[in-house]
Trainee: 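Below: one structure in structure tokens.
Residue numbers count from 1 along this sequence. Bear in mind the structure is a predicted one, so any value in this text is a computation, not a measurement.
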Amino acid sequence: GASGVTLHYQNTWGQTVNFNVSDGAATERSGTASADTPYDPDMSWTTAGFRFVDASNAAIGAQTAGVTSETYYLQPVQSSCATAGAPCAGICADLTKSGPFANGTTTNIDLAYACTDPATCSCSSAPATCVSNSLPTLTVTNNASNYYVQGNSGSVSGYIQVPLKFATAPAGICSGATPCAAAPFTFNFTDVGEITLNARYNVAPGGGGTGTSVGNPLPMTGVSAPFVVKPYDFAIIPCTSATPCLTPPADPGLAGGGDVFIKSGNPFNATITARAFGGTTTPNFGLGTAKGTETVTLTRTLMAPGAGSSGTLTGTGVTTPLYRSSFSYCVASVSDLAWDEVGVITLTATNSTFLGQTLLTAGTSGNVGRFIPDHFDTVVVQSCAAGGFSYAGQPFTVQVTAKNAGGNKTLNYNAAAGFSKAVTLSAWDGTGLIANPGPGNLTPTQPPAIIAASAFTALDPAVALVSTP
């Protein structure tokens with residue numbers, strides 16, 4: 001008859017076990033059993049999983065939307081050292097040296113990502129950056145091949161199977177001098193927010209011989225630490241039409257010519273869009289933690305005249321906050337911006353804190369201008385100062401001052417800066433309703449351009465003082 005029997009045992013817990021055998025009289029310890037080697041040994045099970053680390057054992061750090069990450073490693077490890085931060089031994093030798101995770105072996109690993117902040121992620125307004133379940137696209141690159149990864153809002157319920165090629169890992173992530181295995185990969189996420197990466201592999205059960213198995217496949221899993229993906233930049237389009245602003249204004253150049261954008265001090269609009277690298281939108285920018293306190297600030301940079309006054313920019317995003325919560329599907333518009341000078345500027349949008357982390361994102365518009373004076377103030381200096389009058393046909397002096405909508409001088413309106421223009425004087429009655437009243441004429445023949453652009457000098461910016469002939 002048979003002198004022995006082979007039993008197969010599957011344990012789903014990490015623990016140490018000792019098996020006892022008895023026929024009612026003899027046991028594994030009775031008689032000469034103590035002479036056997038090994039003698040009634042314990043059996044230990046250690047749970048295994050995956051961890052996501054870089055070559056220095058650091059966890060995945062902050063990323064930028066649309067920008068391919070640095071190289072990271074999916075490493076099979078004992079669960080006791082599954083977190084990042086220190087070298088970690090690979091799991092048992094049959095897996096790391098000759099099994100599915102050996103150097104040069106390609107193994108199907110289930111991969112997924114999960115949005116954790118905001119927990120519900122969606123990009124339904126940007127289908128070009130979405131996968132079939134209307135979640136932002138995350139692609140993984142391994143062995144020069146790209147693969148989509150299954151997205152999840154909140155908890156992970158769905159994976160996509162990806163063939164990952166394993167290789168000998170960098171020495172820095174292995175424990176001691178023993179080589180360990182890992183799958184190198186890079187990834188690219190098209191949206192923003194806090195996410196995790198998740199991996200799963202079903203370990204085959206122990207066998208009872210060729211073509212047989214005992215127990216069920218056991219899932220070996222791993223999840224990265226949460227990490228933040230920020231926007232790549234902002235697009236800023238100013239306009240004087242209704243929002244959203246869709247087309248940037250024509251570049252006026254920096255020499256004082258070009259089309260007029262708006263009068264100084266008058267309100268204009270701007271639309272700000274958070275984007276990934278390549279110009280695609282990041283719909284989740286206005287969602288998540290601290291959306292009601294984190295802001296996008298707007299600033300101006302004077303482009304022309306080069307040595308002019310930078311003036312003051314006012315409006316939402318400048319003097320009042322523009323919160324992230326104002327962004328709907330990554331787009332926000334403001335309609336109360338105003339600049340109180342003459343010339344050409346650019347607008348820059350900056351977000352310095354995203355989801356509680358200090359992460360800088362900025363973007364700058366093209367040239368915005370020309371800004372011109374809102375109006376001119378004219379003061380007549382009478383020839384007969386004592387009486388406050390001038391005789392008919394007698395020359396008199398006119399002082400003309402370029403001003404913004406707030407009634408202040410526009411200091412850049414001078415010939416040296418290149419932004420002053422010839423000014424036409426015309427005669428009106430005292431009410432300002434009737435042009436050239438009566439039979440008289442302003443000499444030379446009205447309407448005369450009798451104040452040259454050169455009359456506005458840098459000595460008294462925005463002011464020209466001329467005498468009629």
Side-chain angles (χ1 to χ4, degrees), residues 233-273 296-319 322 332-350 362-377 400-424 451-464:
D233 69 0
F234 293 105
I236 310 172
I237 300 178
C239 68
T240 55
S241 58
T243 58
C245 303
L246 302 177
T247 304
D251 187 344
L254 304 179
D259 293 339
V260 172
F261 177 64
I262 200 169
K263 293 179 178 180
S264 173
N266 284 265
F268 63 94
N269 309 322
T271 296
I272 305 100
T273 304
V296 173
T297 59
L298 299 178
T299 56
R300 52 85 187 91
T301 299
L302 180 68
M303 302 304 294
S309 168
S310 59
T312 301
L313 182 70
T314 57
T316 303
V318 187
T319 49
L322 175 60
S333 293
V334 296
S335 57
D336 60 349
L337 295 177
W339 187 51
D340 65 358
E341 259 300 342
V342 164
V344 178
I345 60 173
T346 59
L347 298 175
T348 297
T350 304
T364 299
S365 71
N367 290 333
V368 185
R370 251 182 326 124
F371 288 82
I372 64 172
D374 177 73
H375 64 278
F376 294 98
D377 274 359
V400 178
T401 304
K403 293 192 173 183
N404 58 34
N408 299 310
K409 289 182 180 180
T410 52
L411 302 180
N412 294 339
Y413 196 80
N414 65 79
F419 281 85
S420 62
K421 307 297 177 185
V423 174
T424 298
I451 300 181
S454 59
F456 293 87
T457 69
L459 296 176
D460 191 0
V463 177

Trainee: Give the minimum heavy-atom separation between N367 and T346, together with the two atoms involved.
Mentor: OD1-CG2, 3.6 Å
Trainee: Would you say that V463 contacts V400 through its side chain, given a criterion of any heavy-atom pair below 4.5 Å between the two side chains?
Mentor: no
Trainee: Quick check: do V423 and F376 have side-chain heavy atoms less than 4.5 Å from each other?
Mentor: yes
Trainee: So how far is it from I262 CD1 to F268 CZ, rounded to the nearest 0.5 Å?
Mentor: 7.0 Å
Trainee: Might you confirm whether atom NZ of K263 has over 12 heavy atoms from other residues, nucleotides or ligands at distances under 6.0 Å?
Mentor: no
Trainee: Hey, could you give me the CG/CG distance between L313 and L347, rounded to the nearest 0.5 Å?
Mentor: 6.5 Å
Trainee: What distance do S264 atom OG and N412 atom CG have between them, rounded to the nearest 0.5 Å?
Mentor: 9.0 Å
Trainee: With side-chain hydrogen bond (donor to acceptor under 3.5 Å, both in side chains) as the criterion, how do T243 and S335 come out once you've worked through the C-alpha distance, each side chain's angles and the decisive distance to 0.1 Å?
Mentor: CA-CA 8 Å; T243 58; S335 57; over 6 Å; no
Trainee: Looking at K409 and D460, is there a salt bridge between them, counting it only when a charged N and a carboxylate O are closer than 4.0 Å?
Mentor: yes
Trainee: N404 pairs by side-chain contact (heavy atoms from CB on, under 4.5 Å) with which of T410, I372, N266?
Mentor: T410
Trainee: If I compare all heavy atoms of S420 with all of A453, which pair ends up nearest, and what's the gap?
Mentor: OG-O, 2.9 Å
Trainee: Considering all heavy atoms of both residues, which atom of P238 and which atom of V368 are nearest to each other, and what is their separation?
Mentor: CG-CG2, 3.5 Å
Trainee: Once you measure the plane-to-plane angle for F261 and F371, does it fall in the parallel (<30°), tilted (30-60°) or perpendicular (>60°) bin?
Mentor: perpendicular
Trainee: Specify the closest pair of heavy atoms between V344 and G253, including all atoms of both residues, with the distance to one decimal.
Mentor: CG2-O, 3.5 Å
Trainee: Specify the closest pair of heavy atoms between A415 and S454, including all atoms of both residues, with the distance to one decimal.
Mentor: CB-CA, 3.7 Å
Trainee: For the side chain of R370 and the backbone of V342, is there at least one donor-acceptor N/O pair under 3.5 Å apart?
Mentor: no
Trainee: Closest approach of L337 and A270, non-hydrogen atoms and distance?
Mentor: CD1-CB, 3.7 Å
Trainee: Roughly how far, to the nearest 0.5 Å, is the SG atom of C245 from the CG atom of N269?
Mentor: 5.0 Å
Trainee: Would you tell me whether T271 and S333 have side-chain atoms, one donor and one acceptor, within less than 3.5 Å of each other?
Mentor: yes
Trainee: Got a sec: does the CG of D259 have more than 12 other heavy atoms crowding it under 6.0 Å?
Mentor: no
Trainee: Mind checking the OG-CD spacing from S309 to E341? Nearest 0.5 Å is all I need.
Mentor: 4.0 Å
Trainee: Which atom pairs, one a donor and one an acceptor, fall under 3.5 Å between side chains of residues 299-306 and the rest of the protein, sequence neighbours left out?
Mentor:
| unit_1 | atom_1 | unit_2 | atom_2 | d |
| --- | --- | --- | --- | --- |
| R300 | NE | S310 | O | 2.9 |
| R300 | NE | G311 | O | 3.4 |
| R300 | NH2 | G311 | O | 2.7 |

Trainee: Counting distance only, does the side-chain N/O of K403 pair as donor-acceptor with the main-chain N or O of A462 below 3.5 Å?
Mentor: no
Trainee: Distance alone, cut at 3.5 Å: any donor-acceptor contact between the side chains of D340 and N408?
Mentor: no
Trainee: State yes or no: are the ring centers of F419 and Y413 separated by less than 6.0 Å?
Mentor: no
Trainee: State, yes or no, whether a side-chain contact exists between T314 and W339 at a heavy-atom distance under 4.5 Å.
Mentor: no
Trainee: In sequence, state the C-alpha distance, the side-chain angles, and the governing distance for D336 and T316, and then conclude on side-chain hydrogen bond (donor to acceptor under 3.5 Å, both in side chains).
Mentor: CA-CA 7 Å; D336 60 349; T316 303; 3.0 Å; yes
Trainee: In a check of side-chain contact (heavy atoms from CB on, under 4.5 Å) between F234 and each of L298, V296, T273, which one passes?
Mentor: V296
